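See below for the structure under consideration.
None of the values given here were measured: they were computed from a predicted structure. The first residue in the sequence is number 1, and the count goes up from there.
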Amino acid sequence: MSLHKTSSGSARAPGAGAGGPGFIRGAVALGVSLLPVALGGCLLLSWGAALAVPVAKYAAPGAPPWIGGALLYAVLFSFLWWVLRKTESVPESRVVAGLIGLSVVFKLALALAAMRMPLHADQELFHYFVREMADHRLAGGTLAALSAIYDYPVWAGRVLPVHYAIRLLAGNHDLLWTRLLNVALSTAILLTTYGFARRLLPEGRRKWAVFLTMALPFQSFVVTDYSHHLFSSFYFLLGMGCAWDLVFADPRPARRLALSVLAGVCLTLMMWQRGVHFIALGVWAGLILWAGGSGVGWRRWGRLLLALGVLPLVLSIPAAGRYDAWLNRHDAHRLNSILPAFVARGWCPESAGEYCGRYEQLDRVTPWDGKKPAMFRLVLSQIRRNPGTVCVRFPATKTAKLFLVGYAANFEESLGQSASRALPWARGLRLAAAPIFLGLAVWGCLGLAARPRLQARWLPIFLAPILTWGAYVFAGE
């Protein structure tokens with residue numbers, strides 16, 4: 001975090017001196033101090049679930065088939081941990097480069113091996129959209145035909161720009177090139193993690209952030225997906241990096257403009273990916289409000305509002321809005337109410353807040369003008385008829401599921417579809433990794449809760465998962 005000189009010549013951080021009413025700064029500091037506690041509580045709930053799932057869901061007489069994968073993960077994790085402890089005298093940048101290089105080799109092998117596995121479910125549907133839209137050059141008739149598929153507004157938005165371009169350039173080899181690009185993006189996410197570690201952690205501890213991210217099986221398995229997940233994650237993290245520098249580094253005008261434009265580009269791409277831009281905008285708004293209440297000075301706050309608020313929106317809304325309007329013009333069937341249906345499915349008791357086919361069918365057959373009120377009436381009806389289930393059990397259950405790292409991967413389903421003998425091993429890796437990672441994350445939240453001087457710099461790291469939690473637990477499936 002950049003330091004600013006006071007009139008007496010001493011250095012201070014934003015919010016440490018005059019510049020606003022004391023009670024406002026105190027309230028802001030209190031609110032920030034509660035964030036690691038709240039996040040730690042959510043992660044603790046998921047940690048308990050991660051310990052319970054192997055017994056409750058995958059128990060089997062005798063030794064469970066996944067135990068080999070769990071033991072393998074424990075051995076590999078312990079070995080790499082021991083190796084890292086022995087590298088204290090090695091320059092940290094070299095250690096990080098070695099970790100990332102090891103990760104790249106493994107992911108490349110995994111991506112190439114995955115070419116033998118068939119696409120299924122959402123992956124197959126997304127690839128169908130990409131093929132149709134790219135092979136017919138976004139023809140209006142093609143879009144009208146695709147709109148007969150319920151999730152047309154979602155998948156058609158995610159096709160541009162990357163998957164569409166790969167299909168145009170690589171033709172029938174697009175799956176291979178997409179997975180190779182997945183490896184590059186997954187590696188870029190590790191580099192971004194290291195970038196955040198350089199901003200937030202002292203030298204010597206940064207390699208551990210990279211190691212723990214790399215050690216998640218999901219971070220490797222996801223390169224086999226044909227989906228939007230890696231892309232939206234990378235756009236989000238890159239935008240977060242821009243926001244952090246704008247708020248805490250107070251860059252010079254040329255760099256500030258470059259960061260603002262890059263944030264706008266990331267926001268546009270996130271809008272096309274559907275949904276994640278709301279989380280990014282929430283984080284950015286939280287940072288702007290924090291800066292205003294922490295005494296950074298009106299002039300600097302105005303520059304921040306322009307660079308992180310106004311300019312990214314000016315750049316992104318016209319581009320994203322024009323494309324969405326064009327998709328809507330060719331939506332001949334208008335089956336999906338999008339956000340209202342997403343919210344309603346998240347409040348379905350039969351599915352415990354996950355995807356609900358019955359609610360999708362209700363949205364599909366309801367006339368367009370009645371879709372939005374019909375979906376929200378479903379939510380109000382469930383709150384009235386099942387208050388205990390949807391207002392008490394749902395939030396706890398959905399919170400536990402949301403933070404179960406690695407549980408949303410398609411990799412195990414793909415292995416199951418191809419009847420691979422590697423399935424129990426992959427499942428064991430996931431079941432072993434989740435409680436380790438979540439336990440360390442809870443410990444980290446508690447450590448930050450006890451260090452209020454560090455909390456401001458970690459604000460975007462707290463806000464992103466908490467806003468995601470609020471969106472999915474209370475307003476989505």
Are [X] and [Y] close enough that their ring centres sit under 6.0 Å apart?
X      : Y      : value
Phe248 : Trp290 : yes
Phe196 : Trp244 : no
Phe126 : His163 : yes
His277 : Tyr235 : no
Tyr164 : Phe129 : no

So does [X] have more than 12 non-hydrogen atoms from other groups sitting under 6.0 Å from [atom1]?
X      : atom1 : result
Trp425 : CH2   : no
Arg364 : CZ    : yes
Trp272 : CH2   : yes
Phe77  : CZ    : yes
Tyr472 : OH    : no

Nearest 0.5 Å, please: how far is [atom2] in [Y] from [atom1] in [X]?
X      : Y      : atom1 : atom2 : result
Leu190 : Leu99  : CG    : CG    : 9.0 Å
Leu459 : Leu454 : CG    : CG    : 13.0 Å
Tyr226 : Thr178 : OH    : OG1   : 4.5 Å
Glu92  : Leu84  : CD    : CG    : 9.5 Å

Are the side chains of [X] and [Y] in touch, meaning some heavy atoms are under 4.5 Å apart?
X      : Y      : answer
Met214 : Ile100 : no
Trp458 : Pro36  : no
Thr192 : Leu238 : no

cation_pi(Arg158, Trp155) dist<6.0 Å, angle<=45: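 Yes; both conditions hold, so Arg158 lies above the ring face of Trp155.
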Ring of Trp66, cation from Arg427 - is the NZ or CZ under 6.0 Å from the centre and inside 45° of the axis? no
Salt-bridge contact Lys398-Glu354 (side-chain N to carboxylate O under 4.0 Å): no
Presence of salt bridge, Asp363 and Arg345, under 4.0 angstrom: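 Salt bridge: no.
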Just to verify, what does [X] make a salt bridge (Lys or Arg N to Asp or Glu O under 4.0 Å) with, not counting sequence neighbours?
X      : result
Arg167 : Asp135, Asp174
Arg179 : none
Arg131 : none
Lys371 : none

Quick one: do Asp245 and Arg199 satisfy side-chain contact (heavy atoms from CB on, under 4.5 Å)? Show the steps, please. CA-CA 9 Å; Asp245 285 349; Arg199 295 175 174 97; 3.0 Å; yes
Which atom pairs, donor and acceptor, lie under 3.5 Å between side-chain atoms of residues 430-443 and protein residues at least two apart or in another chain?
from   : atom 1 : to     : atom 2 : distance (Å)
Arg430 : NE     : Glu412 : OE2    : 2.4
Arg430 : NH2    : Tyr58  : OH     : 3.1
Arg430 : NH2    : Glu412 : OE1    : 2.9
Arg430 : NH2    : Glu412 : OE2    : 3.3

Stepwise side-chain contact (heavy atoms from CB on, under 4.5 Å) check, Ser232 with Met270: CA-CA 6 Å; Ser232 56; Met270 283 187 277; 5.8 Å; no
For the pair Trp469 and Phe474, name the ring-plane relationship: parallel under 30°, tilted 30 to 60°, perpendicular over 60°.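 Perpendicular, since the angle between the ring planes exceeds 60°.
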Name all pairs fulfilling the salt bridge (Lys or Arg N to Asp or Glu O under 4.0 Å) condition that reach into residues 206-217, sequence neighbours left out, sorted by first residue then second. Glu88-Lys207
Minimum heavy-atom separation for Cys42 to Phe403, with atom names?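 Smallest heavy-atom distance, with atoms named: CB-CE1, 3.6 Å.
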Please answer whether the main-chain N or O of Val75 pairs with a side-chain N or O of Ser78 as donor and acceptor at a distance below 3.5 Å.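 Not confirmed, Ser78 side chain does not pair with Val75 backbone.
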Step by step, would you call Thr397 with Lys401 a side-chain hydrogen bond (donor to acceptor under 3.5 Å, both in side chains)? CA-CA 6 Å; Thr397 302; Lys401 290 180 179 180; over 6 Å; no
